[in-house]
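Just follow the structure's listing: the first ligand is 1, and inside any ligand the first atom is 1.
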Amino acid sequence: MTLTRTLKVAVPVPLRRLFDYSVPRGMDLPAPGCRVEVEFGRRNLIGIVWEQSTQEQAAEQASQKLKPIRRVLDAAPVMDPDLMQLCQRAADYYHHPIGDVLATALPTLLRQGQDAQVSGELFWCLTPRGQHAEVDALSRAPRQQQALSLLKEHPHGLAVPMLSALSVPRSALQALEKKGWAELREMAASESSSKQLLGELPLPPGIEQEAAIRALREANGFAPYLLDGITGSGKTEVYLQAMEPLLAAGKQILVLVPEIGLTPQTVRRFEKRFNVPVESLHSGMTDRERLHGWVRSRLGEARIILGTRSAIFTPMKSPAMIIVDEAHDSSLKQQEGLRYNARDLAVWRAHMLDIPVVLGSATPSLETLYLAEQGRYRHLRLRERAGDARPPTLKIEDCRELPGHTPLSPRSLKAIADTVNQQQQVLVFLNRRGYAPVIQCHDCGWQAECERCDSFLTWHKSIGRLICHHCTHERRVPAHCPKCGSSALTDAGSGTEKIAEQLQKAFPKHPVLRIDRDTTRRKGSLDAALAKAHSGEASILVGTQMLAKGHHFARLTLAIVLDADGGFLSADFRGPEHASQLILQVAGRTGREAHRGTVIIQSRHPDNTLLHTLLSGDYATIAARLLADRRMAGLPPFGHVALLRCESMKANECIELLDQLAVLPVDPRVQLLGPVPAPLERRQGRFRFQLLLRADLRAPLHGAIGQLLHVLDRHPLARRCRWSLDVDPVDML
Ligand code: ADP
Ligand code: ZN
Ligand code: ZN
């Protein structure tokens, strides 16, 4: 009797299945979680062993048909069972190829076959050539010069976190590396075990904070919590105090934060409190650093893991709690490839690990709030601001009569003047970057449009370009109208660049600081700008949603919200929820210390009743109203939806394909709605259509998705279109 040993392997290909391989005689059977090299088509790929099987029946066919694995890369698994289970569940739930889930979950270098046995800490050091290099030689590259002289002062090298704390940009270090002057080295981690856990004393908690901390400390095994605390109520202090006994017991904590929240300030807050290694995982890291952080977490050396959404896939040796800060934030949802929501994966993972999970927010998503109301999540409330801070006052400014070219109303300007004259800070919030969203011809009405998208080109005045915000298309600003030749070109509407310019003119003595994606593109520039905002050096801040979240500016007492109406009028069913959250988050930046904050909401639809509900600043009231609307419409959380998007150079190809899917005989409990054009019907030259699937229950919805995908996988038109599936979409674009 011959036993054939076979393996099911997750291979990085876009197919929703595992592949069988045999193990050659004489080769040890690799355990699940080990990497293997396999032949796939004509390529050699690195996959992960998912299951072993030593089956007698399979022997005959298997030995004939199955290809052998070529090589085993690991003696011991690189993926732990809990992480494999999480990836499998994500693949099933999002109907996504397991191989592509691994592309999100595993560090690039691991997938490329690099050794996973790194340990110690990463240091930047000078090479012998760098030690002899002249600092003056870099006088034209001040950042590299700064980095070089710092490294000269530290002959044993500087640890990566230390360099970022010193604001040395990575780009400067990489430039030195290119010159052959500096290099990354790995050294044994410095022992810090003798230090006491607390680096600073905890703040004496308020009554509500204390109750929340007690509840979290009592958690035993899997328990989901919603920490529903208004802005400035001290949620972070609650996390810190809930973490303390777990860290004292030698355990690890995973903290997810929105992309923008992961600034040195956030990291420092955790580092200051606890003398334990903190690992921060974010998009600005090199592949090497990412692998390093991954390994340190897996070995249990990193004790607090602070990261953006993909950090939910970080392996941990002794996990004790998962915290999702700003759990409503849409950056937790990945919008391409594996369209997962890290908030939901956090709850699954906590369940698999049998540990508590905390979702913290001042404006929880309606889904989360509903689960808390149902008693599925334990609802912890912080209704008061911490310390002496009081909640801000919100006002609506009726702007129906305001001329189009004056974005700020006279009353807003007066309030800004009063505030800066009292040495307080102002935030003007507008979620639109650039100078003006459109330029047009005064004589013939021509407007500058993107050739490839259904959208106007935004004028970026300082660089003299017209840029499409939906694709990469850009061009110079024309001197004359391309249609009639007139030189009377004017702009309409305003973006942050124009607001900042107008405010600087109106308040020449008060520095205006604009913070948006355009002003913070360079590495390190966001931190530098935030430092200016924190120090109070800038009196007037103008910004997009980058400025709305999480920040604590001590002297900011006035916020002006421009163009608040868009979200409430949007076709997206989540529009009003997102708009309310954003306004309350902006409001939450004001009056966080001694002086009370004021928020002026400029509106051209001041009668909107939702806007009036917002004035109380009470998110629970507005959420209750929005939930009632959702219940009527059978939309989440009262029903479940998935979106099938399809795009093609030819509109009729999408429509035909989706039309055929829309008439498939699916479970009658599932509605197939569409096809309809996407809100942005054409992007980068492709036409975009979508089919919405809706059902009251998840099971029939997933059944119908399976049926649709089965047809799509074999449909000739599907090969000509690009299609993607989004389960629980947060954005209908
Ligand atoms: P949130 O995350 O809920 O918006 P933070 O955790 O940023 O709030 O806290 C807001 C401010 O209140 C911070 O400056 C914090 O140091 C302070 N704070 C938090 N808890 C207390 C407390 N118990 N006593 C005094 N100040 C506190
Ligand atoms: Zn013209
Ligand atoms: Zn475009």
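Of the polar atoms of L203, none of the N or O atoms is found under 3.5 Å from an N or O of ligand 1, judged by distance alone. At least one N or O atom of R592, backbone or side chain, sits closer than 3.5 Å to an N or O atom of ligand 1.
Partner of S365 under the side chain to side chain donor-acceptor pair (under 3.5 Å) criterion, out of H328, R343, E577: R343 alone. Checking D518, D563, D516 one by one against R432, the salt bridge (charged side-chain N to carboxylate O under 4.0 Å, His left out) holds for a single residue, D563.
Look at D726 and K333 and you find a salt bridge, because one of the NZ, NE, NH1 or NH2 atoms lies within 4.0 Å of a carboxylate O, short of that distance. Under 4.0 Å is where a charged nitrogen must lie from a carboxylate oxygen, and between R217 and E210 no such pair does.
What sits closest to atom 2 (O) of ligand 1 on the protein, heavy atoms only, is T236 OG1, 3.6 Å. The nearest protein atom to atom 14 (O) of ligand 1, hydrogens excluded, is given as H552 CE1, 3.3 Å; this is a heavy-atom distance. At the top of the distance list for atom 4 (O) of ligand 1, counting protein heavy atoms only, stands G232 N, 2.7 Å.
Side-chain contact, R592 with H552: a donor N or O sits under 3.5 Å from an acceptor N or O. Using modelled atom types, one finds a donor on one side chain and an acceptor on the other under 3.5 Å when comparing Q334 with R309. A donor-acceptor contact closer than 3.5 angstrom links the side chains of T231 and R385. Using modelled atom types and a 3.5 Å distance limit, the side chains of Y239 and D325 yield a donor-acceptor pair.
For ligand 1 and T231, the ligand atoms under 4.0 Å from any heavy atom of the residue are 4 (O). Atom numbering of ligand 1 starts at 1 in the shown order; those under 4.0 Å from a heavy atom of P205 are 23 (N). When each atom of ligand 1 is checked for a heavy atom of A386 under 4.0 Å away, the hits are 12 (O), 18 (N), 19 (C), 20 (N), 21 (C), 27 (C). Within ligand 1, counting atoms from 1 as listed, the ones closer than 4.0 Å to a heavy atom of I230 are 3 (O). In the vicinity of P204, heavy-atom distances shorter than 4.0 Å reach the ligand 1 atoms 22 (C), 23 (N), 24 (N).
Among the backbone and side-chain atoms of C471, an N, O or S atom lies under 2.8 Å from the Zn ion (ligand 3). One of the N, O or S atoms belonging to C453 lies under 2.8 Å away from the Zn ion (ligand 3).
Remark: K532 NZ is loosely packed, at most 12 non-hydrogen atoms of other residues, nucleotides or ligands lying under 6.0 Å away. Summarising the local packing, CZ of R376 is surrounded by 12 or fewer heavy atoms from other residues, nucleotides or ligands at distances under 6.0 Å. Around CZ of R476, the count of heavy atoms belonging to other residues, nucleotides or ligands within 6.0 Å does not exceed 12.
Counting all heavy atoms, side chain and backbone alike, P437 lies closest to F456 at O-CB, 3.6 Å.
With waters neither drawn nor counted, the protein N/O/S atoms under 2.8 Å from the Zn ion (ligand 2) amount to 4.
Looking at R269, Q209, K235 and measuring to atom 15 (C) of ligand 1, the nearest heavy atom belongs to R269. Relative to atom 9 (O) of ligand 1, the option among S233, P202, G234, G387 with the closest non-hydrogen atom is G234.
When SG of C450 and SG of C468 are joined through the Zn ion (ligand 3), the resulting angle is 110° to the nearest 10°.
Using bins of under 30°, 30° to 60° and over 60° for the plane-to-plane angle, the ring pair H534/H551 lands in the perpendicular bin.
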